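By convention in this document, chain letters (A, B, ...) are assigned in the order of the sequence lines, proteins followed by strands, and residues within each chain are numbered from 1. Here the structure is a predicted model, which means the values were calculated and not measured.
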Amino acid sequence: MDSKDCIVIWISSIKMYLTEAFLVSLSNKGIYNRAGKDLEKCKDQLQLSLTEDDMLQFIFEDGTIVKLSKKLQESECSCPSQTLCRHIMTALLYCKNCEMAVSKTAVNETSVNETAINEASINEAVINETQINEIPKDENDFYSKELLELEALSKEELVKFFGKKTYNTALKKLQYLKEAAFEYGPMVTVSLGEEGKIYFPRQDTLLQAVCFCKEKGLCEHKLLAVLAYLQQECGQMLTSEEEVFKLEIDAITSLKDIQKEIILLMDKGLCSLTQGSIKKIETLYMKAYGRKFYQLANELKSLSGELGYYFSKNVAFSSQRMLSLVCRINNRIEALILHHEHPEKLMLLAGRLREETVELDTISLIGLGARCTLSKRQDIVLTAYFYCKEQEKILSMSTLRPIEMAYNKSARRGIIQIQEFVSYLFGMNNIWEEEFSFEKFLGAQITVQHGIVTEEKLSSSKKIKGKITGETTLEAIGPLIIKAYDTLKGRLESSDYFMPYRFSKNIYLIEAALVSEMTFNEVEQQLQFETADERGKTILFYLPYNSVTEKAIKYLENKQENIGKHFLGNINWKKDHLEAELLSVFKEGRPINIFTS
Amino acid sequence: MTKAHEEVETVLMQTEDLLSDILLSGFQNVHDATLEHLHQLKKTYDSYGMDQGASLALTLHNELLKRKNSFSYDLENLMRAYSQMMFYIDTLIE
């Protein structure tokens with residue numbers, strides 16, 4: 001067998017890679033086209049040979065040496081380029097043309113070199129040039145849908161290859177992605193939405209996979225594609241890799257030490273404590289944090305804060321809150337020690353350091369209005385609410401400013417200054433790369449790229465790109481609206497004794513068949529009104545009075561005719577009836593800004 | 001809300017206030033009046049058929065009495081009784 005035949009055989013072995021779509025994905029269209037032009041000029045001067053390590057060597061006229069590997073990403077070039085260069089692309093295009101020529105030759109010639117092309121490949125060689133680039137739909141049946149190497153991967157192996165954090169993040173992201181599309185050919189192509197394609201060869205599937213992001217190693221997109229394949233095509237149930245929480249003996253001792261200190265505190269009583277006890281509790285907080293008992297640490301931190309209020313005679317001090325904290329700390333420690341051999345329960349009791357953050361490629365949001373409120377420390381908090389179509393849940397985005405900023409430019413310190421500042425905050429252009437304002441998108445439909453979501457909170461980072469695609473309409477918010485209040489019964493999440501409180505868990509958009517008159521309750525110091533559904537079930541909405549809500553309350557009292565029948569509220573059971581803190585008000589499907597109107 | 005519900009809620013609030021008093025005074029300085037009140041609450045729980053509440057109130061009462069009047073007290077048991085009482089009230093109020 002002469003060297004030419006060997007070269008032809010070598011080229012045949014990488015035939016599956018020699019499609020325009022794949023070659024462009026390795027680099028980019030510009031390099032592909034440039035390589036095509038280069039090939040036209042130099043194809044007659046190229047010197048080919050096979051090396052000892054089974055690589056196909058190309059020597060260009062200018063002395064550049066390219067060594068193509070069967071594992072394409074391991075191909076080398078003597079030029080200074082760090083990525084796949086035009087020389088390598090030229091060599092690949094040469095192989096592509098060579099392969100096409102061989103295929104045509106196999107069709108035209110009656111005699112066949114049996115070492116070069118076997119009988120089975122004659123049938124394949126019948127395919128013409130266009131068919132080399134596209135796998136016809138009916139020919140998909142010839143290609144197995146099984147990627148055995150991927151199917152054999154266990155969760156432990158995936159975690160080992162990609163890392164626990166990447167694995168868990170990818171799994172979470174998979175929930176929000178649209179279904180991946182699979183094309184089965186000599187290679188398996190996985191399309192992840194609008195992002196791009198990942199190519200998996202049939203052999204060395206994972207290590208030789210090629211991603212649109214050009215990452216040579218194992219990237220997040222490859223993992224997403226693998227997980228999508230395992231879930232959609234193989235029907236596997238994928239579970240996240242949780243950190244196994246173990247309680248060692250010294251951790252139990254630490255817990256008992258913390259418990260002893262709390263018991264001593266209770267034995268002495270609040271009246272007998274000194275300011276030194278605040279420092280003691282803070283030490284316990286650091287101890288708990290160091291042992292990764294994050295929930296316990298948070299509670300100890302709150303306890304030290306509460307003690308601080310007590311000693312400084314701050315009006316914010318609440319003996320009931322302190323009582324609740326002390327008992328919850330003791331109960332949690334008892335539960336941790338009791339369940340020290342149950343990792344899952346320990347995880348729940350210990351809590352997490354930080355909430356999980358997911359970066360989503362593209363999400364569509366519908367603005368549901370915004371509200372302004374004062375935090376416990378009297379900071380002005382502006383929160384906008386959106387409905388995310390992909391996640392099918394309501395997200396929020398907040399910004400916070402100390403109330404002192406409202407008085408910066410003015411010697412006066414009154415409600416007018418605060419209300420002017422609130423208007424200023426609503427109109428401030430600082431959200432995302434496009435520098436939107438809250439005013440702009442509280443009633444808009446938006447497409448967001450690279451959105452960062454932590455639990456139900458959306459980031460306002462400048463890395464995020466947003467585009468306003470329309471206005472919030474009744475039709476758009478239709479699927480969210482709850483007309484029958486009975487359905488809320490099963491949906492409202494009750495708080496768990498050991499879990500942290502989440503404000504956003506029960507936010508719903510309701511429709512009112514009847515809205516009562518909006519009146520100000522002098523005793524409770526809040527605006528109140530009732531909405532009723534068609535069956536007569538009611539929800540009591542309220543808006544507490546403070547310096548930032550005064551304008552909104554006046555608007556609602558005086559201009560009730562301007563308001564529609566849709567309301568966004570944080571709904572909870574209170575004794576035997578539904579109550580909701582008013583978040584946003586709609587008219588004809590569009591949110592109204594009652595804080596600046 | 002029915003009258004019975006309101007009465008139970010009142011009892012729960014009274015228990016919470018009592019526990020708050022104990023927080024302020026401490027286990028070692030519990031007033032006799034507080035102990036007497038706790039004893040009364042235990043009877044109230046019994047009359048409403050709230051056996052769990054009655055049992056917790058009795059345990060807490062006995063542990064506090066030990067702390068006040070004898071040397072054979074166990075602070076861990078006392079704290080456990082106290083926190084369990086609070087958990088009971090929190091859960092019912094919710």
Side-chain angles (χ1 to χ4, degrees), chain A residues 255-274 277 296 299 303 306-307 310-311 317-338 349 492-499 501 506 540 572-579, chain B residues 1-31 33-35 38 56-57 59-60 63-71 73-94:
Chain A
L255 282 173
K256 287 190 176 171
D257 289 341
I258 296 171
Q259 190 181 30
K260 255 187 217 163
E261 288 296 332
I262 298 293
I263 292 173
L264 284 173
L265 188 149
M266 275 304 305
D267 193 42
K268 277 187 195 172
L270 203 52
C271 294
S272 307
L273 292 181
T274 60
S277 49
L296 181 62
E299 283 161 0
L303 182 61
E306 209 60 49
L307 275 172
Y310 173 73
F311 286 115
F317 171 72
S318 161
S319 64
Q320 276 174 337
R321 198 161 50 227
M322 185 154 174
L323 166 66
S324 181
L325 269 171
V326 166
C327 291
R328 191 172 306 134
I329 288 168
N330 189 68
N331 286 334
R332 190 183 291 277
I333 292 172
E334 298 245 312
L336 279 166
I337 295 171
L338 184 67
L349 288 165
L492 292 180
E493 284 180 38
S494 55
S495 57
D496 189 305
Y497 185 75
F498 286 121
M499 290 298 129
Y501 174 73
N506 287 332
L540 177 67
N572 285 292
W573 279 105
K574 190 93 177 176
K575 297 177 187 179
D576 62 345
H577 65 272
L578 289 169
E579 268 190 19
Chain B
M1 204 158 112
T2 62
K3 199 181 172 197
H5 279 136
E6 282 176 9
E7 286 174 11
V8 167
E9 199 190 357
T10 309
V11 171
L12 293 174
M13 301 275 65
Q14 283 176 355
T15 315
E16 196 175 20
D17 289 340
L18 190 135
L19 293 178
S20 208
D21 289 342
I22 298 173
L23 170 71
L24 283 166
S25 67
F27 293 149
Q28 61 189 355
N29 293 321
V30 173
H31 292 208
T34 307
L35 287 170
L38 190 53
L56 288 169
T59 310
L60 181 58
E63 292 295 332
L64 280 169
L65 215 54
K66 273 189 214 171
R67 177 67 183 95
K68 192 177 165 70
N69 297 331
S70 80
F71 290 112
Y73 61 85
D74 185 335
L75 280 177
E76 268 189 39
N77 285 344
L78 174 49
M79 187 69 199
R80 187 174 299 125
Y82 183 80
S83 333
Q84 282 181 356
M85 189 82 227
M86 189 61 207
F87 177 76
Y88 176 77
I89 291 163
D90 266 343
T91 315
L92 280 182
I93 288 176
E94 181 108 359

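Under the 30°/60° scheme for interplanar angles, the aromatic rings of F27(B) and Y82(B) are found to stand perpendicular.
Here the straight-line distance linking atom CG of N331(A) with atom CG of L338(A) works out to 11.5 Å at 0.5 Å rounding. Here R67(B) contributes atom CZ and Q28(B) contributes atom CD; the two are 5.0 Å apart, rounded to the nearest 0.5 Å.
A heavy-atom distance below 4.5 Å is not found between the side chains of L78(B) and Y73(B).
Among I22(B), L24(B), D17(B), the residue with the largest count of heavy-atom pairs under 4.5 Å with chain A is L24(B).
Heavy-atom distances place both the backbone and the side chain of S20(B) under 4.5 Å from chain A. Both the backbone and the side chain of R80(B) come within contact range of chain A, each with at least one heavy atom under 4.5 Å from a heavy atom of that chain.
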